[in-house]
Every structure is written in structure tokens, then in C-alpha cells.
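For ligands, and for the atoms within them, numbers begin at 1 and follow the listed sequence.
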Amino acid sequence: MSFHGLKMLYEGKAKKIFEKSKDEVVIYFKDDVTAFNGEKKDSISGKGKINKKISVFFFKILEEKGVPTQFIKDLDETSFVARKLDIIPLEVIVRNYTAGSFCKRYGVKKGIKLKEPIVEFSLKDDELGDPMICKNVILSLELVDGDILEKIEHYARKINEILTRLLSQSNIILVDFKLEFGVKDGNIYLADEISPDTCRFWDKNTMESLDKDVYREETGDLVERYSEFLRRIGL
Ligand code: C5P
């Protein structure tokens, strides 16, 4: 597939990346949604548009607050222009409350506020099922340099503080989320997306999900929940 004549560099489960120039790419948000490492799969009309809008909103705020991001400029309803990066093969997960795989792994109840935020790492590898990886292994396998790893953790914690504060103004709890980072000319940038596909957002009063858990658990209409999130953050 090409996008206005641009060459596709990569297709993921929810996005396509096109080459715009030597230094720039176009990130296109698909309507496809998957869960459980691709075992559950659907196309939900309107999802791409919503996630693009939310990602752009968060990236702009983070950039303003001193987090370097991949975002360059908005393009259309389903895509934005971004820096071309070498993506670091790690998923960085930040948790404020217990949920999802954390509950399964440690046998704890969902919805407990953690004493302090946790930053976890997973190896980005679909075939291996994105296994959790600790900092020692990351450094020993030379997946990234120590200074880059420190910066990743620093930015992950900073992003958590900024977004937790921002969302609490809309009565939304930031439960947990996943980040990806990339490198260009030795500098690190926040990459990919921040959306209800990659975060857990709960209503502060009802603890109701405004995120992909409604699709994973079949407890609600995805577009209706994501649209409610949009409305709550004033978009
Ligand atoms: O599944 P788990 O509980 O580990 O997910 C933690 C957070 O990271 C959730 O918000 C989930 O949406 C996000 N995540 C993701 N992509 C993955 C794994 C987790 O966006 N491959």
C-alpha cells in the first residue's frame, strides 16, 4: 500500500508508517484493533481517527512540558508527520494501579493504588509474546546504552506525572500505559502513540474503563468509550 505515493516502511497491528523524506515519516492510524497478542482481532470504524486525535493531543502537551517527542505536525484525520527514528525494541510500561498482566503475574486484586509508580520493560517481540525484561538483561544484551536506559526511565516517570495530573482534572485515573522510544542522531524521543489502545483510563468515581479493556473483556462499545474519553478531555 502507498499513502499519497509514499512508500510504506512498516505495518504494525494498529498503524502503518510511510516514508515522507530522509528525516520524516507519516504515521497512519488504522481502524484495526487486536488483543492478546493478536489472537482477538477486529476492525472498528472510527477508531483510527480517535486514537490519532488523542495521541496528537498528548504529544503536543508533553513536548511543551519538555519531553522530546516524535511528533512534528498534524496531517489529516488519521495521520501525522513524525521524525524518522530508530525504534528501541523495548516496551516501557508504567503502572500506578494494579491491573491486567500485573494482577495475573503477582496474584493481586485489580484496582489497588501502588505505593509508588512502577516502570517495567518488555522486549518488543511478537513471536516471543513481548516477554518482561529487567534492566540488567537489557544492558548485558546491549539492547541500549546505560545512559539511554536512564533517560528512558526518567522520561517515562515524567510523562506519568504530567499525564496523571492532566487527566485527574477530567476525573480520570491513569492506571497504566505503554510507551515506546526511538533514537535519532544520538537523541532520544518519545515515539509511537499514547491512546486508549495503549493506556488504561478509569473514571475516578465509577472505576469504569475508557480504554481497550472494553474490547478485551467485551464489556462495552469501544468507539462509544473512546469518544467519551475524548469528550472528557475537552476534544
Ligand atoms: O497487559 P498489561 O497489563 O501488561 O498492560 C499494561 C499497559 O500497557 C496497558 O495499558 C496496555 O494497554 C499497555 N500495553 C500496550 N501494548 C502492549 C502491552 C501492554 O499498549 N503490547
Quiz prompt | Lys212: partners by side chain to side chain donor-acceptor pair (under 3.5 Å), with sequence neighbours left out | solution = none
Practice problem: At a heavy-atom distance under 4.0 Å, which protein residues reach ligand 1? Sort them by chain and number, would you? | Solution: Glu91, Ile93, Arg95, Ala99, Gly100, Ser101, Asp130, Asp176, Phe177, Lys178, Asp197, Thr198, Cys199, Arg200, Arg216
Quiz prompt | Residues forming a side chain to side chain donor-acceptor pair (under 3.5 Å) with Glu218, sequence neighbours excluded | solution = Lys40
Exercise. Would you list the pairs meeting ring-ring contact (aromatic ring centres under 6.0 Å, His included) in which at least one residue belongs to residues 206-235, sequence neighbours left out?
Key: Phe201-Phe229
Practice problem: Please report the C-alpha distance between Phe18 and Tyr10 in whole Å, then the side-chain angles of each, then the deciding distance to 0.1 Å, and finally whether the ring pair (Phe, Tyr, Trp, His ring centres under 6.0 Å) criterion is met. | Solution: CA-CA 7 Å; Phe18 297 92; Tyr10 172 80; over 10 Å; no
Quiz item: Would Phe181 and Tyr189 satisfy ring pair (Phe, Tyr, Trp, His ring centres under 6.0 Å), going step by step from the backbone distance to the final call?
Solution: CA-CA 6 Å; Phe181 291 88; Tyr189 296 90; over 10 Å; no
Quiz item: Thinking salt bridges, do Lys178 and Asp192 make one under a 4.0 Å N-O criterion?
Solution: yes
